[in-house]
Amino acid sequence: MPSMASNNSTHTVKVNQLNGPKADSHARRQKIEQHRKALPIAAVEKKLLEEVSKNDILIIVGETGSGKTTQLPQYLFNGGFCRNGGVIGITQPRRVAAVTVAKRVAEECGATLGQKVGYSIRFEDTTSSSTRIKYMTDGLLLREALLDPYLSKYSVIIVDEAHERTVQTDVLLGLLKTVQKTRSSSASDHAQSENGALLKKQEDVRSTNILKHSRGKKLPPLKLIIMSASLDARIFSEYFGGARAVHVQGRQYPVDILYTRQPETDYVDAALITIFQIHLEEGPGDVLVFLTGQEEIESIERLVQDRLPKLPESKRKLSIIPIFASLPSEKQMKVFLPAPDGFRKIILATNIAETSVTIPGIKYVVDPGMVKVRTYDPSSGIEPLIIVKTSKAQALQRSGRAGREGPGKCYRLYPENEFYKLKDSTMPEIKRCNLSNVILQLKALGVDDIIGFDFIEEPDRMAIIKSMELLFLLGALTDDGKLSDPVGHQMSRLPLDPIYSKALVVANQFSCLEEMLIVVSMLSVESIFYAPREKLEESRTALKSFSSTEGDHLTLLNTYRASDEFLEKSKLVSSNEKAEKNLRKWCKENFINSRSLKHARDIHSQIRRNVEQMGLCITSCGEDMLPLRRCLAASFFLNAALKQPDGTYRALSSGLTVQIHPSSVLFRGKPECIIFDELVRTNQNYIRNISVIDYLWLIELAPQCYALQE
DNA sequence: GAGCACTGC
């Protein structure tokens, strides 16, 4: 291994001679350089460059703290991999990671963000024509592929965190495998061919390779680097034809793993006992407890508070901090604040603390070994959340949270032999989710044979068939399984659930695109309304001013319009910033989740641009909401339900007995025929976001599914 | 009369 001894130590002399802010920045640059050189990956810079030069595909297994995400792109840039204007693209599964890493790397390069180094995520693109190191989400790169099927601007693509195996990462790997083959083996005359022809042409490429080779300009080959933190690189290596894998050391403090002697019957109770045990017997340091959901977190919080007065006074200095995704962000921020003097922080977290949020100061981790996951039942289309045991990889990830700043301890609330019985890794998302969106995107990329597509791991056959069927019934696919024109093509361009895309594509014919843009934006975000138990009455009164007797979709429309009107008025008299702040206050008064509303506004402006680019005319139905409800029927027809004599409903496509969720404005109304947005299974089958329709509309607008019954 | 892990375009 080449030694990477410091080669510019002579600069140190100069630094001491400088004064003022310049000296500060110089000192800072030096500090950055020192930090970079001390990273484990720095020792293998030269070796890595050689490996990338020699191999078109390289798997890098980098442990936590190796520095791979920030350093490798810089090594490649300095190693000449951006010659001829090529861009190094690095994908991340999460937005925050793309943003924070890009900022850090820009600083390390001494560049302004958006110049040499930038990031691009949905709603936010900081890159420019001079950007050479581009961090982005993997979903965004997939979208880019729809416009540029050969990803021609990239000379290197690094897929980071591939071990997480998100749907987007898996699809991206399949796409990149083909893109790379095409770019290294064939002429680029397809580059000028129409979008979406990429994989369809793949067959021709193989058979008429030489012929194609002689025409057109050749695209430069694509270097592909897959980075994973899991110790097992085999699956990636095998997928890429026995690709070379290299290992980069990490830098983590040791974490003591402790197990229970016996299996615990009640992990919540066991967690509670462990919290107190750590607090009373262990030295200073904060505690991170992994729980499965909000309910568990709130119940443990109450239990700890209840027991606290029973402790000796000197031992009562515990600060309990809950964190989960739906918590308002200002409350989430509390995990980053230091506890009051002498207090120990006990952080009660969901999976959010496993990868998304890194909390400083954690010395102890309590891991009951359970996690809540979404599953998918292809036959009913329901995606229930269930509590299951974690995988070994997950348990390791959790315990690692205790060793970031110093040696730590992890308490696994199960016996050691149970650990060995756990699955090695979590089942990839693609094997347990609805595939309709994935299939629509692959079709748009020209993959006609979905079952024959080279997935790193094959999805369930039944799930593929069910999703194809849905797309066919929506009119996105033709009889022979090809993307339909224009409906399928238009739908694939929209970053939405296929049913929502369908609603937009047909809204034009109902002259209600303006309204439908708002409705699908509001449906696309987490719940807009919140009703805290202690203020149930107040929140209900607030909702009343927006509610419509015709259903929740119109209620969402009214809400959006009311908020928009408020914001516009506010902007007339205040600065934009002040107006946004006023809007947040307005949200609070009206029991609306302002984060969700902001998200809906962002989606709205994006999809409005999308439909304009498609050349659709944005029409409005004005005061008459009938066309809007008919349009909902024309797109949500698979989610239709009829009232039964006992007051429950029968979902027409699945035959399931369902109930209107109590949060719906139609909960008491009980109309004869309705369409709904989603079916959730808890104690019962509940349907949410519902609108009143006429059964005859279904026969008229969805004859492929409904006929007049004799 | 009910509660929902986490991401992403």
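Throughout, protein chains are lettered first and strands after them, A, B, ... in sequence-line order, and every chain is numbered starting at 1.
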Please report the distance, rounded to the nearest Å, between [atom1] in [X] and [atom2] in [N].
X	N	atom1	atom2	result
A/Y376	B/dT7	OH	C1'	19 Å
A/L291	B/dA5	CG	P	11 Å
A/Q92	B/dG8	CD	P	11 Å
A/E429	B/dC9	CD	P	13 Å
A/E298	B/dA5	CD	C1'	14 Å
A/D138	B/dC6	CG	P	19 Å
A/K372	B/dA5	NZ	C1'	7 Å
A/L435	B/dG8	CG	P	20 Å

Check the phosphate of [N] against [X], side-chain N and O only, distance under 4.0 Å to OP1 or OP2. Yes or no?
X	N	answer
A/T137	B/dC9	yes
A/R374	B/dT7	no
A/T292	B/dA5	no

Legend entry - Cationic N near anionic O, under 4.0 Å, A/E161 to A/R94: no

Has [X] got a side-chain atom pairing as donor or acceptor with [Y]'s backbone, closer than 3.5 angstrom?
X	Y	value
A/K372	A/G293	no
A/T555	A/S548	yes
A/R95	A/R122	yes

Out of [options], whichever nucleotide has its closest atom nearest the side chain of [X]:
X	options	result
A/R668	B/dC6, B/dG1, B/dC9	B/dG1
A/P662	B/dT7, B/dC9, B/dA2	B/dA2
A/N437	B/dG8, B/dA2, B/dC6	B/dG8

Inset, instruction - Cation-pi check, A/K670 to A/F667: give yes when NZ or CZ is under 6.0 Å from the six-membered ring centre and within 45° of the ring axis, no otherwise. - result: yes

For [X], answer base if it contacts any base atom (sugar-phosphate contacts may also be present), sugar-phosphate if it contacts only those atoms, and nothing otherwise; contact means non-hydrogen atoms under 4.0 Å.
X	answer
A/L385	base
A/R94	sugar-phosphate
A/S356	sugar-phosphate
A/N683	sugar-phosphate
A/E354	nothing
A/R165	nothing

Inset, instruction - List the steps, then state whether side chain to side chain contact (heavy atoms under 4.5 Å, CB included) holds for A/T100 with A/Y135. - result: CA-CA 10 Å; A/T100 50; A/Y135 287 89; over 6 Å; no

Inset, instruction - Report yes or no: is there a donor-acceptor pair, N or O only, under 3.5 Å between the side chain of A/R540 and the base of B/dG1? - result: yes

Legend entry - Closest-nucleotide 5' rank along DNA chain B - winner of A/S326 and A/P495: A/S326

